[in-house]
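All heavy atoms count here, side chains included; hydrogens, waters and symmetry mates do not.
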Amino acid sequence: NPRTGVFVDVATGSYYEDAVDWAVGNGITQGTDATHFSPDGICTRAQAAAMIYRYAQAQGKGFTDAWMFLLPFTDVPKWAYESAAWCYMNGVTTGVSETAFAPDNDCTRAQIVTFLWRAFSK
């Protein structure tokens with residue numbers, strides 16, 4: 001467990017402690033700052049796409065070398081563009097409309113499980 005004890009808000013023995021350690025240790029996510037994970041925080045659509053893409057990268061499924069893809073969405077922030085592009089190209093998400101990804105919207109449990117299913121059930 002590479003991160004156990006680093007986050008003051010991840011209780012030792014909590015049901016999510018091992019999952020947090022695994023996700024952080026594998027570069028899938030990080031804390032909200034150096035000492036907090038914010039386990040009860042809300043995940044945005046952009047954050048969910050980024051975690052899914054980082055997991056795909058860890059499995060050798062991400063973009064390689066130089067790539068260029070123009071998303072139909074006009075609202076994706078620069079930091080989330082690669083993740084959103086991979087998720088869109090791989091059918092993980094179609095956005096909330098033809099031109100909107102809604103990166104700052106809360107990602108519901110239903111959306112997250114659907115994203116995961118679309119990304120990894122194939």
Side-chain angles (χ1 to χ4, degrees):
N1 289 341
R3 300 292 295 189
T4 300
V6 172
F7 299 121
V8 298
D9 57 354
V10 175
T12 301
S14 62
Y15 75 90
Y16 51 85
E17 179 186 20
D18 289 340
V20 170
D21 289 344
W22 172 84
V24 172
N26 284 287
I28 294 165
T29 190
Q30 55 190 327
T32 52
D33 64 34
T35 59
H36 294 87
F37 184 76
S38 303
D40 295 320
I42 302 299
C43 189
T44 66
R45 289 175 49 83
Q47 290 168 334
M51 285 187 270
I52 289 167
Y53 179 60
R54 290 176 194 145
Y55 180 77
Q57 285 179 306
Q59 303 299 307
K61 297 178 183 177
F63 290 122
T64 56
D65 300 320
W67 62 274
M68 176 61 164
F69 184 79
L70 184 60
L71 281 170
F73 312 128
T74 59
D75 60 349
V76 178
K78 186 174 182 173
W79 71 266
Y81 200 91
E82 184 173 346
S83 300
W86 185 89
C87 286
Y88 181 76
M89 285 180 62
N90 286 279
V92 175
T93 183
T94 57
V96 297
S97 76
E98 288 185 17
T99 59
F101 180 71
D104 296 325
N105 284 11
D106 293 351
C107 197
T108 67
R109 290 171 51 88
Q111 289 171 331
I112 290 172
V113 75
T114 300
F115 288 170
L116 291 168
W117 176 74
R118 289 175 180 165
F120 304 115
S121 70
K122 301 169 188 152

My understanding is that only residues two or more places apart in sequence, or in another chain, count here; which of them pass side-chain contact (heavy atoms from CB on, under 4.5 Å) with Asp9?
Phe7, His36, Phe37, Ser38, Pro39
What distance separates Asn26 CG from Met51 CE, expressed to the nearest 0.5 Å?
14.0 Å
Pairs in or reaching into residues 47-56: which pass side chain to side chain donor-acceptor pair (under 3.5 Å), with residues at least two apart or in two chains?
Thr44-Gln47, Tyr53-Gln57, Tyr53-Glu82
Which donor-acceptor pairs under 3.5 Å do side chains of residues 87-101 form with protein atoms, sequence neighbours excluded?
unit_1 : atom_1 : unit_2 : atom_2 : d
Asn90  : ND2    : Trp86  : O      : 2.8
Thr93  : OG1    : Arg45  : NH2    : 3.3
Thr93  : OG1    : Gly95  : N      : 3.1
Ser97  : OG     : Thr99  : N      : 3.3
Ser97  : OG     : Ala100 : N      : 3.1

Looking at Ala48 and Cys107, what are the two nearest heavy atoms and their distance?
CB-SG, 3.8 Å
Counting N and O atoms only, with roles assigned by atom type, does the side chain of Asp106 sit under 3.5 Å from a partner on the main chain of Thr108, one being a donor and the other an acceptor?
no
How about Ile52 and Ser83: do any of their side-chain heavy atoms sit closer than 4.5 Å?
no
Do Val6 and Thr35 have side chains that get closer than 4.5 Å, going by heavy atoms?
no
Which pair of heavy atoms, one from Ala50 and one from Trp79, lies closest together, and at what distance?
CB-CZ3, 4.1 Å
Is it the case that one hydrophobic cluster holds both Val76 and Leu70, taking links as side-chain heavy atoms less than 4.5 Å apart, direct or via other members?
yes
